[in-house]
Amino acid sequence: LPMLPERLSNGLCSLRPNEDRACLGVHMYIDKDGEKFRHEFFRGLMRSVARLTYAQVESIIDGEPSDLPPSVLDRVDNLLNAYRSLK
C-alpha cells in the first residue's frame with residue numbers, strides 16, 4: 001500500500017540515488033543521559049547514495065554478505081550505532 005500517490009512517490013519525493021532532493025531536516029541536541037533538550041528545523045538538500053529495501057538493510061544489520069559498496073555499508077553501520085546509543 002503506497003504512502004503517497006505514484007506521481008509523487010516515483011518522482012519529486014523519490015529518493016533516487018545521486019539526485020539532489022529538497023528536504024526538511026532537524027538538529028536534535030541530546031544530553032549525556034540521552035535526553036533531547038533542544039531542536040531546530042531547517043530546509044536543506046539531500047543526496048541519497050543508494051536505494052535500499054528494508055530486507056537489504058536487515059541483512060546488513062545481521063552481518064550477511066553484501067555486494068553493496070563499503071561506503072554504503074559504513075553509513076548503515078553509523079546509523080545503527082546512532083540508533084543504539086539513543087535506545
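Everything quoted here is computed from the prediction, not taken from an experiment. Throughout, residue positions are numbered sequentially from 1 according to the sequence presented.
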- Message: Give me each pair satisfying salt bridge (charged side-chain N to carboxylate O under 4.0 Å, His left out) with a member in residues 23-34, each pair once, sequence neighbours excluded.
- Response: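 For residues 23-34: none.
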
With sequence neighbours left out, what residues match [X] under side-chain contact (heavy atoms from CB on, under 4.5 Å)?
{"X": "N81", "result": "D77, R84"}
{"X": "P17", "result": "R51"}
{"X": "S59", "result": "E64"}

- Message: I'd like to check the ring pair (Phe, Tyr, Trp, His ring centres under 6.0 Å) partners of Y29; sequence neighbours left out, ordered by chain and number.
- Response: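 Expected list: none.
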
- Query: Just wondering, are more than 12 heavy atoms of other shown residues or ligands nearer than 6.0 Å to CD in E40?
  - Reply: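 Check passes, neighbour count above 12.
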
- Item | F42 atom CZ, over 12 foreign heavy atoms within 6.0 Å |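 Yes.
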
Transitive ILVMFWY side-chain link [X] to [Y], under 4.5 Å:
{"X": "L80", "Y": "V57", "value": "yes"}
{"X": "V72", "Y": "Y83", "value": "yes"}
{"X": "L86", "Y": "V26", "value": "yes"}

- Query: Given the rule in the side-chain contact (heavy atoms from CB on, under 4.5 Å) test, do L73 and S66 qualify, once you have shown the distances and angles that lead to the verdict?
  - Reply: CA-CA 8 Å; L73 300 175; S66 174; 3.9 Å; yes

- Does some side-chain heavy atom of M46 sit less than 4.5 Å from a side-chain heavy atom of L15?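 SC-SC contact between L15 and M46 confirmed.
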
Please report the interatomic distance [atom1]([X]) to [atom2]([Y]), rounded to the nearest 0.5 Å.
{"X": "R43", "Y": "L24", "atom1": "CZ", "atom2": "CG", "result": "8.0 Å"}
{"X": "D74", "Y": "L68", "atom1": "CG", "atom2": "CG", "result": "11.5 Å"}
{"X": "M28", "Y": "F41", "atom1": "CE", "atom2": "CZ", "result": "9.0 Å"}
{"X": "D20", "Y": "L45", "atom1": "CG", "atom2": "CG", "result": "5.5 Å"}
{"X": "E58", "Y": "T53", "atom1": "CD", "atom2": "OG1", "result": "9.5 Å"}

- Contacts of R21 that satisfy side-chain hydrogen bond (donor to acceptor under 3.5 Å, both in side chains) - sequence neighbours left out: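 So R21 forms a side-chain hydrogen bond (donor to acceptor under 3.5 Å, both in side chains) with E19.
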
- Query: Stepwise, does the side-chain contact (heavy atoms from CB on, under 4.5 Å) test hold for L52 with V76?
  - Reply: CA-CA 10 Å; L52 304 176; V76 171; 4.0 Å; yes

- Audit row: V49, R75, side-chain contact (heavy atoms from CB on, under 4.5 Å) steps and yes/no: CA-CA 10 Å; V49 296; R75 288 183 172 135; 3.0 Å; yes

- Determine the minimum heavy-atom distance between N18 and R47, stating which atoms define it.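 Between these two residues, the closest heavy atoms are O-NH1, 3.0 Å.
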
